2 protein chains.
Amino acid sequence: MEGLESIAWLAALGAGEWEVLRTRATRLSYSAGETVFAPTPDPHSIYILEQGRIRILRISSTGDEVTLGYVAEGEVFGELPGFGDHPRESFAVARAPSTVWRVPLTLFREWISSRPPIALEITRQMGDRMKRVESRVENLVFGDVRSRLAKVLLELAEDFGRTNGDTCIIDIGISQGELATLIGSTRQSVNAAMGALKDDGILRLSGRRTELLDQERLRTIARSNRGQEREKSGASDESGD
Amino acid sequence: MEGLESIAWLAALGAGEWEVLRTRATRLSYSAGETVFAPTPDPHSIYILEQGRIRILRISSTGDEVTLGYVAEGEVFGELPGFGDHPRESFAVARAPSTVWRVPLTLFREWISSRPPIALEITRQMGDRMKRVESRVENLVFGDVRSRLAKVLLELAEDFGRTNGDTCIIDIGISQGELATLIGSTRQSVNAAMGALKDDGILRLSGRRTELLDQERLRTIARSNRGQEREKSGASDESGD
DNA sequence: ATCAGTGTGTCGGGCAGCCGACACAGAACG
DNA sequence: CGTTCTGTGTCGGCTGCCCGACACACTGAT
């Protein structure tokens, strides 16, 4: 019950494989808003999220922030990148009450070295994240606020949404301001874009929750870089994919 | 001389470790401009760059492109990300005459599984790249064209530059247009920004080569998100142009 | 020399979206 | 029950930069 076995890919390894971790890693709890780690020139731990939700972000010299992504339960985080000798440049902040294992980097590295399947799993995780970040780049470069927003909403839906018939509900208490840090925009612009999407009947907003009513249309907007196609009405939905 | 041993991290493994690759992988040559791979829903190869320079990029639905990065010699590329079961979404194009090994994904995976040190190496490589992409995101979100440009120039200098006393020379025949795809901007804006940097005495342009005269100042600009700090100090007489 | 192809400079118009400001709603707290 | 805080909605002004267009420089073929 001490959590580690609740992590699927660890459990899958078979008992004993991860026992080392339990004995030599530290289990920590954070409540929403607390910082799990901050940038450091010489990180010597990596982390595994047992349960909760962590936000990875960077802060510019002027205080603006970008959200690089969220850590899903079971994922390893905290500069896997910095695996080598790189400094860590990101913050990790709990967005919800979270339980985290802090693992000494040396231990983790040696642990991997002797257990190929784990290495493979780690590689897979990193690949996933890589892909995601690359998409983010693509999206930032192309597309206006409207289409970028569409994209993130879809991603969030996929990761955290509860599907409910046709509509998908995102209810992770994310503010428009935080959305802005995901797409590199401002609170106001996000607000405007959300309003527009609502008016187009693509999504419904009730308080802090967002419901995606028409993912198909949303997807179209996300793809269209310059999302300014004034959507009159009685639009034409087309191609699936 | 058949190349594989020229790759440092492979050579370091000791003879025989990578012999399998030689027998079951394919060695390919590309001249500048040729496509190494294109997006595919079901990639079944990964690649290792023996020698040359490869550019990884994406193309939007409207035909615009973003450069995600360049592959350094010895690096593994081609949707390591797609390691899992993801489709490949990027293009790889040779920027210079290049020699590449194409390795069947299955082989590579099994090869890793049985050789932990390699897994570690791969992880390291991915980490590096991850870090780079994350920085790219940060840069795209913050900063105007000027500061973004400054950032890329510094990166390019670090990766491909020849240092020469104080100045660092970037001479990889990169066009302003291509620079634009690195920072998500347009040829014209890049041109203007380069001009400004030149006027400020921060860099000198001679033909297709770029010389960084004052990396310190460049670094400052890169960090300052809104690089509009009118740098008009010094320069007693001006009016000029 | 001539022409095509590719990259570099420049200019003006137009607009998306950033910024600052302000009003208002709900939630947490004393 | 106010007070404070955080988040949502909106507006107008200002501007960076995208876009389209055009001239020039350089290089390599014919």
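Just so we're on the same page: letters track the sequence lines, and every chain starts at 1. In this text, all values refer to a predicted model and were calculated from it rather than measured experimentally. For the numbers below, each heavy atom of this structure counts, side chains included, while hydrogens, waters and symmetry mates do not.
I170(B) and A157(B) make their closest contact through CD1-N, 3.8 Å (heavy atoms, listed as atom of the first residue, atom of the second, distance).
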Contact state string [nucleotides 18-24 of chain C, B base, S sugar-phosphate only, - no protein heavy atom under 4.0 Å]: SBBB---
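Taking atom CZ of residue F142(A) and atom C1' of nucleotide dA16(C), one finds them 18 Å apart after rounding to whole Å. Rounded to a whole Å, the CE atom of M194(A) is 14 Å from the P atom of dG7(D). The distance from atom CD of E178(B) to atom C1' of dT8(C) is 15 Å, rounded to the nearest whole Å. Rounded to whole angstrom, the span from the CG atom of D64(A) across to the C1' atom of dG17(C) amounts to 15 Å. Atom CG of L205(B) is separated from atom P of dT10(C) by 11 Å (rounded to the nearest Å). Taking atom CZ on R209(B) and atom C1' on dC26(D), their separation rounds to 16 Å, with Å as the unit. If you measure from atom CG of L140(A) to atom P of dC18(D), you get 14 Å, rounded to the nearest angstrom. The interatomic distance linking L179(B) (CG) with dG9(C) (P) rounds to 12 Å, in whole Å.
For the side-chain contact (heavy atoms from CB on, under 4.5 Å) test, residues two or more places apart in sequence or in another chain that qualify with T62(B) are N225(A), S60(B), D64(B).
The CZ atom of R88(A) sits 8.5 Å away from the NE2 atom of H44(A) when rounded to the nearest 0.5 Å.
Defining each end axis of the helix from dA1(C)-dT30(D) to dG30(C)-dC1(D) as the rotation carrying four pairs' C1' atoms onto the next four, with five pairs an end, the two axes are found to diverge by 40° to 10 degrees.
Between the side chains of T181(A) and T67(A), at least one donor-acceptor pair of N or O atoms lies under 3.5 Å.
Of the possible polar contacts, none joining the S185(A) side chain to the V145(A) backbone as a donor-acceptor pair under 3.5 Å is found.
Residue D159(B) qualifies as enclosed at atom CG: its count of foreign heavy atoms under 6.0 Å is above 12. Environment of CD in E34(B): crowded, with over 12 heavy atoms of neighbouring residues, nucleotides or ligands closer than 6.0 Å. Counting non-hydrogen atoms of other residues, nucleotides and ligands closer than 6.0 Å to CZ of R219(B) gives a total above 12.
Judged by the 6.0 Å distance and 45° axis criteria, R58(A) is not positioned over the aromatic ring of F142(B).
Summary of the strand contacts: R208(B) and A192(B) both lie near DNA chain C, and taking for each the nucleotide with the nearest heavy atom, the more 5' one is attributed to R208(B).
For dT6(D), the OP1/OP2 oxygens have no side-chain nitrogen or oxygen of Q176(A) closer than 4.0 Å. Contact annotation: N191(B) does not reach the phosphate of dT8(C) (side-chain N/O to OP1 or OP2, under 4.0 Å).
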